[in-house]
Amino acid sequence: MSGTFSKLKNAYHLLKSIDFKMLAKLSEKVDLSQVMASVAKMDDNQLNGLMKMLTSRGSKKKLPPIEGDFYDIGSRLSAEDRALQLKVRAFMEKEIQPIVNEYWLKAEFPFEIISKFRELNICGVTYDGYGCPNRSYLMEGIIAMEMARVDASIATFFGVQSGLAMGSIYMLGSEAQKDEWLPRMQQLETIGAFGLTEPEVGSGAAGGLTTTAKREGDTWILNGQKKWIGNATFADVIVIWARDVDDNQVKGFLVRKGTPGLAVEKMQDKMALRIVQNGLITLKDCRVAETDRLQRANSFRDTSKVLRMTRASVAWEAVGCARGAYENALAYTRTREQFGKPIASFQLIQGHLVEMLSNLTAMQTMVFRLSEIQDEGALKDEHASLAKVFCTLRTRDVVRGAREVMGGNGILLEYNVARFVADAEAIYSYEGTKEINSLIVGRAITGFSAFV
């Protein structure tokens, strides 16, 4: 009797908990007896899964943070370096991100950021003295990555100023030249450019420079052209590399803005790095004082010292470009819905994202070790060249994947991936093409030079 009473009591509570109006609506959509039969056959695990799904619907799922540093390389930095990394990141996100698409589309440079850039105090980051921070090459790479993560054009502007132009003076200039130029360049009061590439001579500059330098007393006369020279249209000083007609050696010259015989024309209609103001430089009987010749630049071997240093930074820029594309694509897939749920929940999309992250993580660990080698003073041409080859190749893969998961929206600037797709092509080619850098590595591992 007590058992019967207990069953009746349970049935009463069950009936009391049922919303019959809702049950009636449900019966119009499904066969209730079939649903009950199916549920009754479920084991405990299946029932738990069903209840978890039912109770989670409508509630906002807490998602993991969007983070391109999957192996937490940032944790290897000192507290001071980590703080600087985050400071640069905040600057790029606050000052550059809101304006970058507008300026990229117009192919103009946002000059208003220069004074704000100055507050970061990061120009000449690895140099000692002259107001420079004297930080590690690893920190220089991290900064390049953080800049390129938002925009590769701004990273390139900084790389030309802090790396190529200042680096040429720091490594190859006299003390008088360093004292004159570096403090002002460090504060971005003076802007520099680096003129090596020519209309008919790109990565083969070591043996093919056609720009000439002829000494007449205490003056050098420069003739020739330079092409693709970043910052050239507004630079206060341009480092010009020319071949001495008397000894056939490459020498460097500090050509000041406004020097007679120097003309700069802005290059138009670029599809990549559109914010970078690339110039076509024409030198016609341009007279430069001997005191403005880089005193320690006496052959292309000296030029290569600068390129070796900056090539590592370009590899880091490639990582930043890939990271920006990946993080924007990941964010997009978590909010973009198809068939009633975010596309990030689809297997094929996750496959693309994991492939992108794999490439990005491999690149990050590679350049991290590259900078460690550089800080140890053991960096060789082939080390920088291998990183440049690998990272720029993989960046192309990552940005392609980012564009793919975003579908048609991936080609619109507003979704912040199209720029990376285009800019990756420029990074792939400048500071030495894949072919030239491959031959540098090939020579190192085989012992044979395949250069013509």
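This is a predicted model, so every value here is computed, not measured.
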Taking [Y]'s backbone N and O only, do any of them form a donor-acceptor pair with [X]'s side chain (distance below 3.5 Å, no angle check)?
X: Glu108; Y: Tyr103; answer: no
X: Glu102; Y: Ile99; answer: no
X: Ser162; Y: Gly124; answer: yes
X: Asn231; Y: Ala193; answer: no
X: Glu414; Y: Asn101; answer: no
X: Asn416; Y: Asn328; answer: no
X: His352; Y: Ile349; answer: no
X: Thr365; Y: Ala362; answer: yes
X: Arg215; Y: Gly217; answer: yes
X: Gln277; Y: Ala107; answer: yes

Should the heavy atoms of other residues, nucleotides or ligands under 6.0 Å from [atom1] of [X] be counted, would the total exceed 12?
X: Glu355; atom1: CD; value: no
X: Arg118; atom1: CZ; value: yes
X: Leu86; atom1: CG; value: yes
X: Asp72; atom1: CG; value: yes
X: Lys270; atom1: NZ; value: yes
X: Phe111; atom1: CZ; value: yes
X: Lys266; atom1: NZ; value: yes

Should Asp151 and Arg419 be marked as a salt bridge (charged side-chain N to carboxylate O under 4.0 Å, His left out) after you check the CA-CA gap, both sets of side-chain angles, and the distance that decides it?
CA-CA 8 Å; Asp151 181 60; Arg419 276 187 299 104; 3.0 Å; yes
Check [X] against [Y] and note the closest heavy-atom contact, atom names and distance.
X: Ala384; Y: Leu379; value: N-CD1, 4.2 Å
X: Ser153; Y: Trp104; value: OG-CD1, 4.3 Å
X: Phe451; Y: Ile436; value: CZ-O, 3.9 Å
X: Val421; Y: Val399; value: CG2-O, 3.6 Å
X: Gln85; Y: Met145; value: NE2-CE, 4.0 Å
X: Lys388; Y: Ile427; value: NZ-O, 2.9 Å

Between the side chains of [Y] and [X], is the shortest nitrogen-to-carboxylate-oxygen separation below 4.0 Å, so that they form an ion pair?
X: Glu67; Y: Arg323; result: yes
X: Lys227; Y: Glu198; result: no
X: Lys116; Y: Glu119; result: no

[X] vs [Y] side-chain heavy atoms within contact, under 4.5 Å:
X: Leu254; Y: Ile169; result: yes
X: Glu435; Y: Leu439; result: no
X: Pro133; Y: Gln186; result: yes
X: Leu262; Y: Lys257; result: no
X: Val389; Y: Val441; result: no
X: Asp246; Y: Lys214; result: yes
X: Arg400; Y: Met356; result: no
X: Asp236; Y: Arg184; result: no

Quick check for you: to the nearest 0.5 Å, what is the distance between [X] atom [atom1] and [Y] atom [atom2]?
X: Thr197; Y: Asn278; atom1: OG1; atom2: CG; answer: 9.5 Å
X: Ile343; Y: Arg336; atom1: CD1; atom2: CZ; answer: 7.0 Å
X: Asp302; Y: Gln249; atom1: CG; atom2: CD; answer: 9.0 Å
X: Tyr428; Y: Arg396; atom1: OH; atom2: CZ; answer: 4.5 Å
X: Ser313; Y: Ile142; atom1: OG; atom2: CD1; answer: 11.0 Å
X: Ile122; Y: Cys132; atom1: CD1; atom2: SG; answer: 12.0 Å

Just checking, is any N or O donor in the side chain of Trp316 or Ser371 under 3.5 Å from an acceptor N or O on the other one?
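The criterion, which ignores hydrogens and geometry beyond distance, is satisfied for Ser371 and Trp316.
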Under 3.5 Å, is there a donor on one side chain and an acceptor on the other for Glu431 and Thr310?
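On atom types as modelled, these side chains qualify, holding a pair under 3.5 Å.
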Taking the six-membered ring for Trp, are Tyr415 and Tyr332 parallel (under 30°), tilted (30 to 60°) or perpendicular (over 60°)?
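Rings of Tyr415 and Tyr332: perpendicular, over 60°.
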Run the salt bridge (charged side-chain N to carboxylate O under 4.0 Å, His left out) check on Glu290 and Arg293 step by step: do they pass?
CA-CA 5 Å; Glu290 162 64 11; Arg293 179 181 66 83; 3.0 Å; yes
So, applying salt bridge (Lys or Arg N to Asp or Glu O under 4.0 Å) with Asp292, which one of Lys251, Arg256, Arg287 is it?
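Looking at Lys251, Arg256, Arg287, the match for Asp292 under the salt bridge (Lys or Arg N to Asp or Glu O under 4.0 Å) is Arg256.
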For the side-chain contact (heavy atoms from CB on, under 4.5 Å) test, which of Arg89, Glu93, Lys87 pairs with Glu146?
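Of Arg89, Glu93, Lys87, side-chain contact (heavy atoms from CB on, under 4.5 Å) with Glu146 is met by Arg89 alone.
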Residue of the set Asp423, Ile154, Thr156 for which side-chain contact (heavy atoms from CB on, under 4.5 Å) holds with Val276
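It is Thr156, the one option of Asp423, Ile154, Thr156 that forms the side-chain contact (heavy atoms from CB on, under 4.5 Å) with Val276.
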Among residues at least two apart in sequence or on other chains, which ones pass ring pair (Phe, Tyr, Trp, His ring centres under 6.0 Å) with Tyr127?
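So Tyr127 forms a ring pair (Phe, Tyr, Trp, His ring centres under 6.0 Å) with Tyr170.
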Aromatic centroids of Tyr430 and Trp228 separated by under 6.0 Å:
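Not close enough - the centres of the two rings lie 6.0 Å or further apart.
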